[in-house]
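Notes follow once the structure below has been shown.
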2 protein chains.
Amino acid sequence: MKNKIESRKEEIIRVAAKLFKEKGYSAVTMRDIAKTMGIKAASLYNHINSKQDILKAIIISLAEKFTAGMLEIKGSGESCINKLKAIIKLHVTLSSQNIYGMASLNNDWMHLEEQMPYYIKLRSEYEDDFKNILEHGIGEGELINVKPDVMMFSILTTLRSLYLWIPKKEDIDLNDLTENLSQILLDGINK
Amino acid sequence: MKNKIESRKEEIIRVAAKLFKEKGYSAVTMRDIAKTMGIKAASLYNHINSKQDILKAIIISLAEKFTAGMLEIKGSGESCINKLKAIIKLHVTLSSQNIYGMASLNNDWMHLEEQMPYYIKLRSEYEDDFKNILEHGIGEGELINVKPDVMMFSILTTLRSLYLWIPKKEDIDLNDLTENLSQILLDGINK
DNA sequence: TTCACTAACTAACAGTTGTTAGTTAAAATT
DNA sequence: AATTTTAACTAACAACTGTTAGTTAGTGAA
């Protein structure tokens with residue numbers, strides 16, 4: 001059943017995500033989405049159930065990709081520093097693959113309805129895993145002894161904002177970016 | 001004319017900023033704001049001109065405080081590292097003083113209308129000044145030689161997200177936070 | 001050919017939106 | 001005491017919201 005070519009439903013989700021990034025979920029109307037696709041708002045409902053369903057499709061699928069990525073990293077048996085580098089790469093990869101979706105994930109999750117508790121659960125678990133890696137790194141002497149909360153906040157907010165920044169650099173090389181970010185986030189900028 | 005006690009207009013702006021942080025500008029109605037204050041929506045218009053004016057009041061005044069802070073730092077004659085520490089302190093100070101306003105500044109600026117170009121101008125100049133400090137630091141050998149764009153992105157997005165994080169820690173000491181952030185952002189977490 | 005399916009359409013709905021007009025009771029000023 | 005100002009109110013508006021119902025032209029299968 002699933003085709004390589006984009007289904008109409010996937011197109012709606014893609015177009016909606018782009019509009020959500022520009023104006024936010026609440027400010028985008030079904031008529032906006034339809035107009036961008038060159039059809040009428042009512043026609044959208046041949047493919048999707050509701051506006052809410054579009055948001056859900058964007059956010060939950062992305063959140064689950066982060067969870068899957070973290071699961072793999074957790075079980076990799078690498079050093080703490082290497083795990084952190086893998087997390088950075090995970091964010092660069094997923095963000096560059098779905099810039100518009102990342103905007104909704106960051107800014108529109110509070111407009112989820114039934115799915116909100118599930119999203120919150122995924123996010124909490126991700127952050128717990130992240131903090132765990134940091135605490136382990138501190139315990140092993142791999143990392144400096146600073147509050148892991150502040151550490152995680154600092155790194156994670158940078159990674160969560162990548163979607164704002166990647167599209168501005170058309171010529172960007174993602175491996176370079178991952179490398180630069182690792183250096184800055186792990187070793188700082190002070191010479 | 002100006003009193004120490006909060007005017008009704010200031011109360012509207014404060015209440016609105018809190019609601020804007022929770023749901024975003026577009027999802028908050030004038031009736032929401034009024035209800036929170038225990039009055040009717042129409043009564044708000046005795047004190048403010050429009051919903052748009054509330055957003056403008058929140059965002060522009062904050063943006064101008066950042067501009068003023070940067071101007072002072074720029075002319076301080078301090079070393080690059082000390083200027084960066086001063087920027088970190090500026091963000092911690094302004095963010096903790098106005099957590100709700102910072103949310104609008106970050107997430108709702110695109111809903112500014114006439115004032116949008118002015119906001120964009122302030123933000124661009126701030127970022128230019130920031131990058132300038134970094135480039136100077138690299139040139140002088142104070143900072144490692146990594147693309148200043150990536151450096152600025154990394155530090156600035158962390159600082160811009162402080163509003164998300166400060167309120168979670170009731171017991172937080174702002175000087176501690178500034179100190180921890182400086183260490184992490186400037187020297188990294190790698191031992 | 002006949003039939004069911006797909007994906008578009010028009011029309012309309014009930015509720016919500018920001019905002020205005022006009023009114024009123026209390027407080028402040030003259 | 002008379003007057004003006006303040007800050008609330010009710011009622012209403014025109015525009016917009018997400019969504020539904022019913023229709024229709026084109027497509028592929030029987």
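Note that these values count all heavy atoms, side chains included, but never hydrogens, waters or copies made by symmetry. A, B, ... follow the sequence lines: proteins, then strands. Residue 1 opens every chain. All figures in this text were calculated on a predicted structure; none of them were measured in a lab.
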message: With a cut-off of less than 4.0 Å, is there a side-chain N or O of Lys51(A) near OP1 or OP2 of dG18(D)?
response: yes

field: Integer-rounded Å distance: dC9(C) P and Met37(A) CE
entry: 10 Å

- prompt: Think Lys51(B) forms a cation-pi with Tyr25(B), using NZ or CZ under 6.0 Å from the six-ring centre and within 45 degrees of its axis?
  reply: yes

message: Just to verify, which of Lys56(B), Glu64(B), Arg123(B) counts as forming a side chain to side chain donor-acceptor pair (under 3.5 Å) with Tyr118(B)?
response: Glu64(B)

- request: Indicate yes or no: at least one non-hydrogen side-chain atom of Thr158(A) is less than 4.5 angstrom from one of Ile184(A).
  value: no

Between CD on residue Gln183(A) and NZ on residue Lys85(A), distance to nearest 0.5 Å: 9.5 Å

message: Taking 4.0 Å as the cut-off, does a side-chain nitrogen or oxygen of Arg8(B) come that near to OP1 or OP2 on dA8(D)?
response: yes

- request: Could you check Ala41(B) against His47(A) and say which one's nearest nucleotide on DNA chain C is further toward the 5' end?
  value: His47(A)

query: Given atom CG of Asn46(B) and atom P of dA25(C), what is their separation to the nearest angstrom?
result: 16 Å

- prompt: To the nearest 0.5 Å, how far apart are CG in Leu185(A) and CD1 in Ile87(A)?
  reply: 11.0 Å

query: In residues 19-34 of chain A, what residues come within less than 4.0 Å of DNA chain D, judged by heavy atoms?
result: Val28(A), Thr29(A), Met30(A), Arg31(A)

- prompt: Rounding to a whole Å, what distance do you find between Leu55(B):CG and dG18(C):C1'?
  reply: 15 Å

- request: Can you label the angle between the His91(B) ring and the Phe66(B) ring as parallel, tilted or perpendicular, going by 30° and 60°?
  value: tilted

message: Can you tell me if Ser43(A) touches the phosphate of dC9(C), counting only side-chain N or O atoms and a distance under 4.0 Å to OP1 or OP2?
response: yes

